[in-house]
Amino acid sequence: MDQFQTLSYLQMALNTNAIYTAATFFILWVAFRFAGKMREGESTMLGRVLTSLFGLMIIWNGLILFSSRNFSISSAASGLKSIKASGQALGAQAEAFLTVPFVTSASANTEFSIFSDIPSLIFWLVVTIMLLSVIWMPVTAKKSS
């Protein structure tokens with residue numbers, strides 16, 4: 001595979017990932033809407049459990065999605081490095097791609113892993129805490145003035 005094919009596959013993977021990310025954030029918004037509506041009214045234990053499971057499935061999906069993006073980037077970087085190591089000259093875009101700090105660190109590990117991207121893990125942990133807090137934290141009485 002040459003550099004054009006490698007970068008084309010990366011672009012296709014990133015485009016697909018972007019569409020899937022938009023859909024994931026939309027369905028996450030739906031989960032927060034469910035949680036907010038439950039918090040406003042009377043909520044049953046079954047409703048809380050089902051909304052929690054729904055939200056956790058979306059969060060798991062988001063972790064897989066972000067990991068897939070990182071895997072695509074690291075695979076492309078690894079492919080470009082092997083092309084360069086074989087003696088072929090890389091174009092300006094490929095050389096520039098290999099100098100990006102995120103790409104440089106990602107190309108060291110080309111295995112699919114959920115735990116390879118710490119900022120993404122922290123993001124989804126915060127989202128998990130926020131969603132479960134909306135669902136399970138007690139509602140405080142509003143002060144009337």
Side-chain angles (χ1 to χ4, degrees), residues 1-41 43-140 142:
M1 191 164 21
D2 65 357
Q3 67 178 332
F4 177 76
Q5 289 173 319
T6 302
L7 291 174
S8 293
Y9 283 138
L10 175 63
Q11 185 63 41
M12 186 172 39
L14 292 177
N15 286 341
T16 304
N17 193 281
I19 294 167
Y20 199 31
T21 299
T24 299
F25 284 135
F26 172 74
I27 201 74
L28 183 65
W29 173 78
V30 170
F32 272 102
R33 291 285 296 164
F34 283 166
K37 290 293 182 184
M38 283 181 36
R39 192 167 182 84
E40 290 174 6
S43 62
T44 63
M45 183 61 70
L46 179 64
R48 286 180 176 200
V49 169
L50 290 176
T51 304
S52 296
L53 288 174
F54 179 68
L56 290 174
M57 287 189 301
I58 296 164
I59 290 165
W60 175 253
N61 199 16
L63 279 169
I64 297 296
L65 177 67
F66 282 30
S67 298
S68 175
R69 180 203 60 213
N70 292 339
F71 181 69
S72 296
I73 291 171
S74 64
S75 295
S78 178
L80 289 173
K81 284 182 179 180
S82 67
I83 290 169
K84 188 175 183 176
S86 71
Q88 295 180 29
L90 295 179
Q93 293 88 354
E95 288 289 349
F97 177 73
L98 290 176
T99 61
V100 175
F102 177 76
V103 174
T104 305
S105 63
S107 64
N109 183 14
T110 56
E111 294 180 8
F112 185 85
S113 174
I114 293 174
F115 305 107
S116 64
D117 185 16
I118 301 301
S120 293
L121 278 173
I122 293 170
F123 172 78
W124 286 109
L125 178 65
V126 169
V127 170
T128 303
I129 291 169
M130 288 170 56
L131 181 65
L132 293 178
S133 295
V134 170
I135 296 169
W136 292 99
M137 293 294 286
V139 179
T140 56
K142 294 182 182 178

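- Here the side chains of Thr44 and Val49 are not in contact, with every heavy-atom distance at 4.5 Å or above.
- Atom CG of residue Leu131 and atom OG1 of residue Thr51 lie 8.5 Å apart, to the nearest 0.5 angstrom.
- Relative orientation of the Phe25 and Trp124 rings is parallel, given thresholds of 30° and 60° on the angle between their planes.
- Applying the 6.0 Å contact sphere to OH of Tyr9 captures no more than 12 heavy atoms from other residues, nucleotides or ligands.
- Closest non-hydrogen pair, Ser52 versus Leu132, comes out as OG-CD2, 3.8 Å.
- Separating the CD1 atom in Ile58 from the OG1 atom in Thr128 is a distance of 10.5 Å, to the nearest 0.5 Å.
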Margin query: What verdict does the side-chain contact (heavy atoms from CB on, under 4.5 Å) test give for Phe97 and Ile73, after you've listed the backbone C-alpha separation in whole Å, the side-chain angles of each residue and the deciding distance to 0.1 Å?
Written below: CA-CA 10 Å; Phe97 177 73; Ile73 291 171; 4.1 Å; yes
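- Pairing each heavy atom of Ser86 with each of Ile83, the nearest pair is OG-O, 2.6 Å.
- A side-chain donor-acceptor contact under 3.5 Å links Asn17 to the backbone of Leu65.
- Between the CD1 atom in Ile19 and the OG1 atom in Thr24 there is a gap of 11.5 Å [rounded to 0.5 Å].
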Start with the C-alpha gap between Ile27 and Phe54, add the side-chain angles, then the distance that decides, and say whether side-chain contact (heavy atoms from CB on, under 4.5 Å) holds.
-> CA-CA 10 Å; Ile27 201 74; Phe54 179 68; 3.8 Å; yes
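- Side-chain atoms of Asp117 and Arg69, non-hydrogen and from C-beta on, do get closer than 4.5 Å to each other.
- Between atom CG of residue Leu14 and atom CE of residue Met12 there is a gap of 10.5 Å, rounded to the nearest 0.5 Å.
- Residues Phe34 and Ile135 fail the side-chain proximity criterion, which asks for heavy atoms closer than 4.5 Å.
- Looking only at distances, a side-chain donor or acceptor of Gln3 sits under 3.5 Å from a matching main-chain atom of Gly91.
- Annotation: side chain to side chain donor-acceptor pair (under 3.5 Å) contacts of Ser43 (sequence neighbours excluded): Arg48.
- With rounding to the nearest 0.5 angstrom, the CZ atom of Phe112 is 6.0 Å from the OG atom of Ser68.
- The shortest non-hydrogen separation linking Ala35 to Val134 is CB-CG1, 3.5 Å.
- Residues forming a side chain to side chain donor-acceptor pair (under 3.5 Å) with Lys84 (at least two apart in sequence, or on another chain): Glu95.
- A distance of 9.5 Å separates CG in Leu10 from CG in Asn15, rounded to the nearest 0.5 Å.
- Within 6.0 Å of CH2 on Trp60 lie no more than 12 heavy atoms contributed by other residues, nucleotides or ligands.
- Across all their heavy atoms, Ser72 and Ala13 have their closest contact at OG-CB, 3.6 Å.
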